[in-house]
Enquirer: 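A single structure is presented below for examination.
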Amino acid sequence: MLKIEDYPLSRVPQDKRVSFLSVAVVHMGMLTALDQFMLGAVLGHSMTLTDAFIAIFIGSLIFGIVTFGLGYAGMREGISGSLLARWCGFGRIGSVLIGVVIAVSLLGWFGIQNAIFARSLTFALHDNISFPWAATLTGVFLTILVAFGFKALRITARIAVPLFILLVAFISVTTLSGINIHQVFGLLPAGEPITISAGITMVVGGAIVASLITPDLTRYSKNGKQVFNITLLTIIAGEFIVNGLAILIAKTLGSADVVTIMAQTAGGIGLLVVVFSTLRINDINLYSSALGIVNAVEGITGKRLRYTTTTVAIGLLGTLLSVLGILDRFVDFLTVLGVVFPPIISIMLVDYYLLRSHRAALDASRNSGALPEELPVIGWSAIIASIIGSVVGLNVEWGVPTITSLVVAGVIYWTAKKLRLP
C-alpha cells in the first residue's frame, strides 16, 4: 500500500516499491478532480473549440515532459520532491522555500474551492444567504474539520472522486447526446477571449503543482517504464477526458460557472457532489499547506509551530481570499502558477540531468540506501534564476509565458553554474 507520509527523510527501499496501479491511481486522482473541470469550463467558455484543444495538447506536452523528468529522478533516487531539490540546486534552505511556495499555492486553491462550496450553498438556498456570509461559514467549517480531525467527515469526503467521475459522465451524456459537433466547433467564445498562449499557461498552471510533487509518489515505482505510463495515464484522464469534456459541456451550455452547469444538468445531486468534491480537495489543500508552513519554519528557525494553530490561521486566511473574490481571479491565479513553478522544475531538471552537480554523491549513497552526507545549505543561483524566470514569464508579452519562464530560468541557472557562481 502506498503511503505518502512514509520515508519523509530517507530513500524508499526497493523491497517497499509497489505496483504500477497503486501509484497510478493516486497520481491520476490529482488531475481527475473539480479543479480540472473548472479549468476546462473556462477554456471552453473563452476559446474556440480548436484553440482550446490546441492549448490542452501543448500544455499537456509540457506537463508530460517535466513530470516524467522529475518522476523518473524520484523513482531512481527513491526520495520525495522536496528532498530531491536539496541536491538539485536549491540546497536545504532553498528546498524549504519551495515548500513555502507550494503551501501558498495550496492556500490559493483552498480559497477558490471554498468559493465554489459557498456558491453552491447560496444557489441551493436561493440566494437567501449572501456569498460573503456563505464563504465565511463554509471556510470556518472546513478549517475546524481539518484542524481538529473529524475523521468521519474526511472518510465521507473520500467518496467524492468516484462520485465526481460518475457525475461528469452523466452530464456529458445528458448534454452532448444528439448535438452536432460541427456546430459546436463553429461556436465563438461566449466569454472574454483567451489566447492560445494564455490557455497553454493556464493548462500548465492547473497541473504544475502535481508535477512538482510527482517524485513523492514515483519514489514508490519500480522502473522508468512505470513512471512514463503513470504520466501518460494522468494526462489522458485529467487533461483529455475531464478537461476535454468540460470544454465541450461549457461550450454547449454557454457557461463557465461550474455550479450553474452542475445545477442545470444534475439538480440537487450535482450540487451535492460539488460540495463533497470541495470537501475532499480542500481537506488535502489545507492539511498540506499547514504541514508545509510548519516544516518550513522548523527548517529555517528550528522552532516548531503547533499544527492546529497553524491550520486555523491558514484556513481563516484562505476563507478571507474567498470572501475577497479569488474565484473571480481564477484565470490570473492559474497564470501565476503557470510561470512560478516551471522555473523551479526547470532548474531541478537542468541540475540533475545536465550539470549532475551531486549525482556522484547520490549514486554512491544509493548503494547503501542512505542519503549523501554532503548537503548544500542554500543554492543562490537556483533561487535567483527562479525569480528572474518568473518575473520574465509574467511581464514579457511575446511567446508562451510558461515556456518562457521555464527556458529563461534553466538557461540562467546553467550559465551561473558554469561560471561557478554559488
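All residue numbers in this chain count up from 1 along the given sequence. Keep in mind that what you see is a predicted model, and the values were worked out from it rather than measured.
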Enquirer: Give a yes or no on whether the backbone of Met47 and the side-chain of Lys251 come within a donor-acceptor separation of less than 3.5 Å.
Expert: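 Pair found, side chain donor or acceptor close to backbone of Met47.
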Enquirer: Does Ser405 use its side chain to pair, donor to acceptor, with the backbone of Thr402 at less than 3.5 Å?
Expert: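 Answer holds: yes.
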Enquirer: With a 4.0 Å cut-off on N to O distance, would you call Glu77 and Arg219 a salt bridge?
Expert: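 Here Glu77 does not pair with Arg219 in a salt bridge, since their nearest N and O are not under 4.0 Å apart.
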Enquirer: Grab the two heavy atoms, one from Val242 and one from Phe37, that are nearest each other, plus how far apart they are.
Expert: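 Result for this residue pair: CG1-N, 3.9 Å.
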Enquirer: Heavy-atom count around Phe57 CZ within 6.0 Å, excluding the residue itself: above 12?
Expert: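 12 or below, so no.
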Enquirer: Treating Arg86 as the side-chain partner and Gly91 as the backbone partner, does any N or O pair qualify as donor plus acceptor under 3.5 Å?
Expert: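 No; zero donor-acceptor contacts below 3.5 Å.
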Enquirer: Looking only at the side chains, is there a donor atom on one of Thr50 and Thr48 sitting less than 3.5 Å from an acceptor on the other?
Expert: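 Note: Thr50 and Thr48 side chains miss the donor-acceptor criterion.
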Enquirer: Are Phe341 and Val101 close enough, and set up right, to give a side-chain contact (heavy atoms from CB on, under 4.5 Å), and what steps lead you there?
Expert: CA-CA 9 Å; Phe341 282 97; Val101 174; 3.7 Å; yes
Enquirer: Checking Ser289 side chain against Ala103 main chain: does a donor-acceptor pair fall under 3.5 Å?
Expert: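 Confirmed, Ser289 side chain pairs with Ala103 backbone.
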Enquirer: So does Phe117 have more than 12 non-hydrogen atoms from other groups sitting under 6.0 Å from CZ?
Expert: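 Counting neighbours around CZ of Phe117, more than 12 heavy atoms of other residues, nucleotides or ligands fall under 6.0 Å, so yes.
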Enquirer: Using every non-hydrogen atom in the two residues, find where Leu349 and Gly69 come nearest and quote the distance to one decimal.
Expert: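 Minimum heavy-atom separation between Leu349 and Gly69: CD2-C, 3.6 Å.
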Enquirer: Starting at CZ of Phe68, measure out to OG of Ser211 and round the result to the nearest 0.5 Å.
Expert: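 Between Phe68 CZ and Ser211 OG, I get 12.5 Å after rounding to 0.5 Å.
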Enquirer: Tell me, with the steps shown, if His27 and Thr214 meet side-chain hydrogen bond (donor to acceptor under 3.5 Å, both in side chains).
Expert: CA-CA 8 Å; His27 198 265; Thr214 289; 2.9 Å; yes
Enquirer: Between the side chain of Ser95 and the main-chain N/O of Arg92, is any donor-acceptor distance below 3.5 Å?
Expert: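 Yes.
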Enquirer: Check the pair Trp109 / Phe333 against ring pair (Phe, Tyr, Trp, His ring centres under 6.0 Å), numbers first and verdict last.
Expert: CA-CA 9 Å; Trp109 278 117; Phe333 177 70; 5.2 Å; yes
Enquirer: Would you check, one step at a time, whether the test side-chain contact (heavy atoms from CB on, under 4.5 Å) holds for Tyr72 with Tyr353?
Expert: CA-CA 11 Å; Tyr72 183 84; Tyr353 290 105; 3.4 Å; yes
Enquirer: Would the distance check show the side chain of Asn229 and the main-chain N or O of Gln226 forming a donor-acceptor pair, the cut-off being under 3.5 Å?
Expert: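 No, the answer is negative, given that no donor and acceptor are paired below the 3.5 Å cut-off.
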Enquirer: What heavy-atom pair brings Ile235 and Ser60 nearest, and what distance separates the two atoms?
Expert: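 Taking Ile235 first and Ser60 second, the nearest heavy atoms are CD1-O, 3.5 Å.
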Enquirer: Around atom CG of Leu61, are there more than 12 heavy atoms of other residues, nucleotides or ligands at under 6.0 Å?
Expert: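 It does: Leu61 CG has more than 12 such atoms within range.
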Enquirer: With a sphere of 6.0 Å drawn around CZ of Phe123, does it hold more than 12 non-hydrogen atoms of other residues, nucleotides or ligands?
Expert: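 Atom CZ in Phe123 is crowded, with more than 12 foreign heavy atoms closer than 6.0 Å.
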Enquirer: Which heavy atom of Ile116 sits nearest a heavy atom of Val259, and at what distance?
Expert: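 Heavy-atom minimum between the residues: O-CG2, 3.9 Å.
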Enquirer: With no hydrogens and no angle check, is any side-chain donor or acceptor of Thr138 less than 3.5 Å from a backbone partner on Ala135?
Expert: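 Present.
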Enquirer: Restricting to non-hydrogen atoms, name the atom on Ala73 and the atom on Leu84 that form the minimum distance, rounded to 0.1 Å.
Expert: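 Here Ala73 and Leu84 meet closest at CB-CD2, 3.8 Å.
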Enquirer: Under 3.5 Å, side chain of Asn282 to main-chain N/O of Leu142, donor-acceptor pair present?
Expert: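 Not a single qualifying donor-acceptor pair exists.
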Enquirer: Give the minimum heavy-atom separation between Phe110 and Gly139, together with the two atoms involved.
Expert: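 Smallest heavy-atom distance, with atoms named: CZ-O, 4.2 Å.
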Enquirer: With distance as the sole test, does Thr201 use its side chain to make a donor-acceptor pair with the main-chain N or O of Ser197 at under 3.5 Å?
Expert: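 Between the backbone of Ser197 and the side chain of Thr201 there is a qualifying donor-acceptor contact (under 3.5 Å).
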Enquirer: Does the pair Ser19 and Ser22 meet the rule for a side-chain hydrogen bond (donor to acceptor under 3.5 Å, both in side chains), with working shown?
Expert: CA-CA 5 Å; Ser19 67; Ser22 296; 2.9 Å; yes
Enquirer: Spell out, as yes or no, whether a donor-acceptor pair under 3.5 Å connects the side chain of Ser177 to the backbone of Thr174.
Expert: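 Not a single qualifying donor-acceptor pair exists.
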